[in-house]
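Naming: A, B, ... by sequence-line order, numbering from 1 per chain.
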Number of protein chains: 4
Amino acid sequence: MGEERRVGAGDEPLSRTANPTKRADARRNEKALLDAAASVFVTDGVDAPVRRIAAEAGVGMGTIYRHFPTRADLVVAVYRHQVDACAEAGPALLATAASPFVAMTRWVNLFADFLVTKHGLAAAMRDDHDGFTALHALFLDRLVPVLADILAAARDAGEVKADLTAYQLLRAIGDVCAGAERVDPAYDARLTVQLLLDGCRQR
Amino acid sequence: MGEERRVGAGDEPLSRTANPTKRADARRNEKALLDAAASVFVTDGVDAPVRRIAAEAGVGMGTIYRHFPTRADLVVAVYRHQVDACAEAGPALLATAASPFVAMTRWVNLFADFLVTKHGLAAAMRDDHDGFTALHALFLDRLVPVLADILAAARDAGEVKADLTAYQLLRAIGDVCAGAERVDPAYDARLTVQLLLDGCRQR
Amino acid sequence: MGEERRVGAGDEPLSRTANPTKRADARRNEKALLDAAASVFVTDGVDAPVRRIAAEAGVGMGTIYRHFPTRADLVVAVYRHQVDACAEAGPALLATAASPFVAMTRWVNLFADFLVTKHGLAAAMRDDHDGFTALHALFLDRLVPVLADILAAARDAGEVKADLTAYQLLRAIGDVCAGAERVDPAYDARLTVQLLLDGCRQR
Amino acid sequence: MGEERRVGAGDEPLSRTANPTKRADARRNEKALLDAAASVFVTDGVDAPVRRIAAEAGVGMGTIYRHFPTRADLVVAVYRHQVDACAEAGPALLATAASPFVAMTRWVNLFADFLVTKHGLAAAMRDDHDGFTALHALFLDRLVPVLADILAAARDAGEVKADLTAYQLLRAIGDVCAGAERVDPAYDARLTVQLLLDGCRQR
DNA sequence: TATGAATGAGGATTCATTCAT
DNA sequence: AATGAATGAATCCTCATTCAT
């Protein structure tokens, strides 16, 4: 979707040399845009007016369209870092936790924290009808494999039900957190997540 | 603008003679409107354009505004019957089931069935930002007490965790089903509901 | 404009005999309508929604259209009595006042009082673009001759400028009062009327 | 969104070079909008449909909202020049006229000419219920002080009644002219203005 | 005759998207 | 490349007027 190349770290200097000055501006703008969008998504939702995001970033609207031709492109870019961080935490948790189920509990709570604290994320994935594929794909590509590994370990240890798939669980957590964005002191999404985790156990 | 009376056939023959015909059209239209809105809500969401609902019902737009001055009025009217039916099923289940937890399982599945099959309902409650209060109130008024009774019985029987509230559970189920509306063969909302129910058990 | 006949007083009993009962209902409605319209015109202006007038009168909207096919018909009917009363006061004032100019002053103030106290009247005449002719004609037919008589007497007595016409003065007073309907403690329409009267004097 | 600067031709050549073209379109549009609105206000009143003004100006509707977010903004902008010109004429008249009353007569006639020839202005001030404050304030801010000075001079010279305020007179003239917009060969608003001026004299 | 339900044109406003500068 | 002005489709809502009952 028109994102910059997923290059290895080493070739950066060359590409910068090839186009040294212009790229700096463009990068600054892209960064400003991502920050602005992240901020606006939280307060106004992923369907916030383009103009507001542009204003927040201090750039013209055309600049948004240049960097992110579709809204989905912007949405995905905004959340990619957070998704990456979440994905990368999985193996470490699995390696250090007392048991696979403990690792799973921790990772799921980490994921839920992402969704709830950086809220907008879960709702974005759920509501982003047009860019659904892109955002959904991001989640699936990055997170399902991570959770699948943890789940496989837990299943091998006999800690969770055998028929539980990573996608099923990931999706369940996502929906729960997506629905929890309206502030409501009487409702605690994290408690629901605990219930779900308890429900996953093999007895 | 309320519901028409669900009267037995035999009563009020005189008043019908006095004012026999006029209301028939209005009733037909209100019914058509409710059906049309229910249908459009499923495909286009509760924020669907008024014009589309009117067209679907085969009436003018003004007719919608006459019968349902605000969108919330229409949304609530559309879902009231279904909510009522669900509420009324609660006591019967509690009376006949083998145990309170069995009754709870059945009622929660009934509720989830409503949400999933008559979909739009759960999303409506979640998305209806403006009419949120009205729709939310409908759910709370009708369903929370029903589930609270069941839950109290289950708790008294030691079948469920002590700190679980009816609102918490109702909301969890609602969010899960609301997120499950996009068709996805790899995801089964009912399985998530089962996980939740399992997680509610006292062990 | 569909008004009832401009008949002499004597034939009323006959017409009532010809259509005794139905007419009673119709008259009641017409009276209610006139009262309601007068009241609504004051608060909401002559362009008030038909529905509001009907509601105020406690009749259906169709009834308004039956009695007063156009808005102008209703507006004229509402103000006819007041205009008549004003017209009828003219000769008496002229006969009893100390001088024609005194009579003119009194009558003009009477007219201004009508316009200001029963406000809506002046604005109605001014704003009623469509029914302009009808309402204007009402004023011209009834009031211009009355003021013309007074003015002629004053002119004959050498009290007012020779080139002043009844229509010119009537219109001036009307516009002044029409513009004065917005409440404004810093502005006194009656003072303006006095200035105008002073300005009419022959010196 | 303010007025463009009425700059002398020679200044800011550098900045124009730096950003030479872009603003030209916007200015052209703003000018076209003001001209179109002035024209449409005359024929259709200040409540004319936005679409009609846009069409008259040859721009999209959104362009009106960009330049003049509220109708009041547009109305005020349309009439500001004329009001300014009128205000600026006051001191000169007072300085050159044979007497303060002569100056007052001339200024009032100038004001009335504005109102009548550029008609719509008076009716705008009168009818613009929402933007009433803005337009009213424009008149009060600019014109009341000007007339107040003239009036004070005339009062000091013993030429006008002592209790006459600038606002009272301005408003009277305004209402007279506002009411005179319908073409009517039998009515001469300027004659009414003369009557008013005559009525202001101290005798 | 009276009612008031239904219609639908009319007008305001927002905002995604394009494109001249 | 960046800007932000312009466009106009989409949607909401009101209310005059008609007409079935």
Task: Residue closer to the 5' end of DNA chain F, Gly62(D) versus Pro49(B) (nearest nucleotide) - done: Gly62(D)
- [ ] Side-chain contact test, heavy atoms from C-beta onward, threshold under 4.5 Å: evaluate it for Val50(D) versus Arg71(D) and give yes or no.
- [x] yes
Task: 5' priority, DNA chain F, between Met61(C) and Val50(B) [closest heavy atom] - done: Val50(B)
TODO: Report yes if some heavy atom in the side chain of Val76(A) is under 4.5 Å from a heavy atom in the side chain of Phe68(A); otherwise report no.
DONE: no
Open item on the list: Between Asn29(A) and dA1(F), is there a contact of a side-chain N or O with OP1 or OP2 at under 4.0 Å?
Closed with: no
Task: Value in whole Å for how far the P atom of dA16(F) lies from CG of Asp44(C) - done: 11 Å
Task: Nucleotide dA20(F), atom P - distance to CZ of Arg27(B) in whole Å - done: 21 Å
TODO: May I ask you to verify if any side-chain N or O of Arg66(A) is less than 4.0 angstrom from the OP1 or OP2 atom of dA2(F)?
DONE: yes
Task: Tyr65(C) OH to dA5(E) P, straight-line distance once rounded to whole Å - done: 16 Å
Task: Val46(A) and Val78(A), any side-chain heavy atoms less than 4.5 Å apart - done: no
Task: For dT18(E), the Watson-Crick or wobble partner whose two distances fall under 3.5 Å - done: dA5(F)
- [ ] Send over the distance from Phe68(C) CZ to dA16(F) P, rounded to a whole Å.
- [x] 16 Å
